[in-house]
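Step one of this worksheet: look at the structure below.
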Amino acid sequence: MNKLDFAKQLQCRTKKLAMEIIKLGRLLPVSTESKVIHYQLIKAGTSIAANYRAVCRSRSHKEFISKLGIVIEETDEVLYWLELIKELHLLKMKKIEPVYKEAKELLAIFIKSRITAKSNKS
């Protein structure tokens, strides 16, 4: 698979993750604390896809690495909010697990991509 196809595949995966996070957020109970978690989860989850698109339009190697760092931060934040939902028992594990797994896989890909990009710079 070439770089362009790989990037397009990741764009699709991040967009799908964003949609799954939105659907998951709809399942949260209505309470003061879950409203905050819902807002933060949706904000970070949709930001992954939007910022990954920006990564793909980077104008320089330095900008690519920088924007990828933002994607990594947002993906890690999604994992945090999902862990909170799990530990507070706001949703059943079977609802959280597929989204959590995909976010972890994407995070590993983004981290590896940043490592590769940094080593290619040298």
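- For the pair Q11/C56, a side-chain contact is recorded, criterion being any heavy-atom separation below 4.5 Å from C-beta on.
- Side-chain contact between L10 and L106: present, with at least one pair of heavy atoms (C-beta onward) separated by less than 4.5 Å.
- Note that CH2 of W81 and CG of L28 are 11.5 Å apart. Values are rounded to the nearest 0.5 Å.
- Rounding to the nearest 0.5 Å gives a distance of 14.5 Å between CD1 of I109 and CZ of R114.
- V71 and L4 fall into different hydrophobic clusters, where Ile, Leu, Val, Met, Phe, Trp and Tyr side chains are chained together by heavy-atom contacts under 4.5 Å.
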Side chains of residues 37-53: which donor-acceptor partners sit under 3.5 Å, not counting sequence neighbours?
unit_1	atom_1	unit_2	atom_2	d
T46	OG1	I42	O	2.8
T46	OG1	K43	O	3.3
S47	OG	N51	ND2	2.6
N51	ND2	S47	O	3.0

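- Interatomic distance, CD1 of I70 versus CD1 of I65, reported as 13.0 Å (0.5 Å rounding).
- Considering only residues two or more places apart in sequence or on other chains, R59 meets the side chain to side chain contact (heavy atoms under 4.5 Å, CB included) condition with E63.
- Hydrophobic clustering, with ILVMFWY side chains joined whenever heavy atoms are under 4.5 angstrom apart, keeps L82 apart from M19.
- Under the salt bridge (Lys or Arg N to Asp or Glu O under 4.0 Å) criterion, the residue pairs touching residues 77-104 are R13-E102, K101-E105, with sequence neighbours excluded.
- Placement of V30 and L91 in two distinct hydrophobic clusters is found when ILVMFWY residues are connected by side-chain heavy-atom separations under 4.5 Å, directly or transitively.
- Interatomic distance, F110 CZ to T75 OG1, rounded to the nearest 0.5 Å: 5.0 Å.
- The line from CD1 of I22 to CG of L27 is 12.5 Å long, rounded to the nearest 0.5 Å.
- Between the side chains of S113 and T116, no donor-acceptor pair of N or O atoms lies under 3.5 Å.
- Atom CG of N120 sits about 9.5 Å away from atom CZ of F64, to the nearest 0.5 Å.
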Would Y80 and I85 count as a side chain to side chain contact (heavy atoms under 4.5 Å, CB included) here? Give the steps.
CA-CA 9 Å; Y80 169 77; I85 291 168; over 6 Å; no
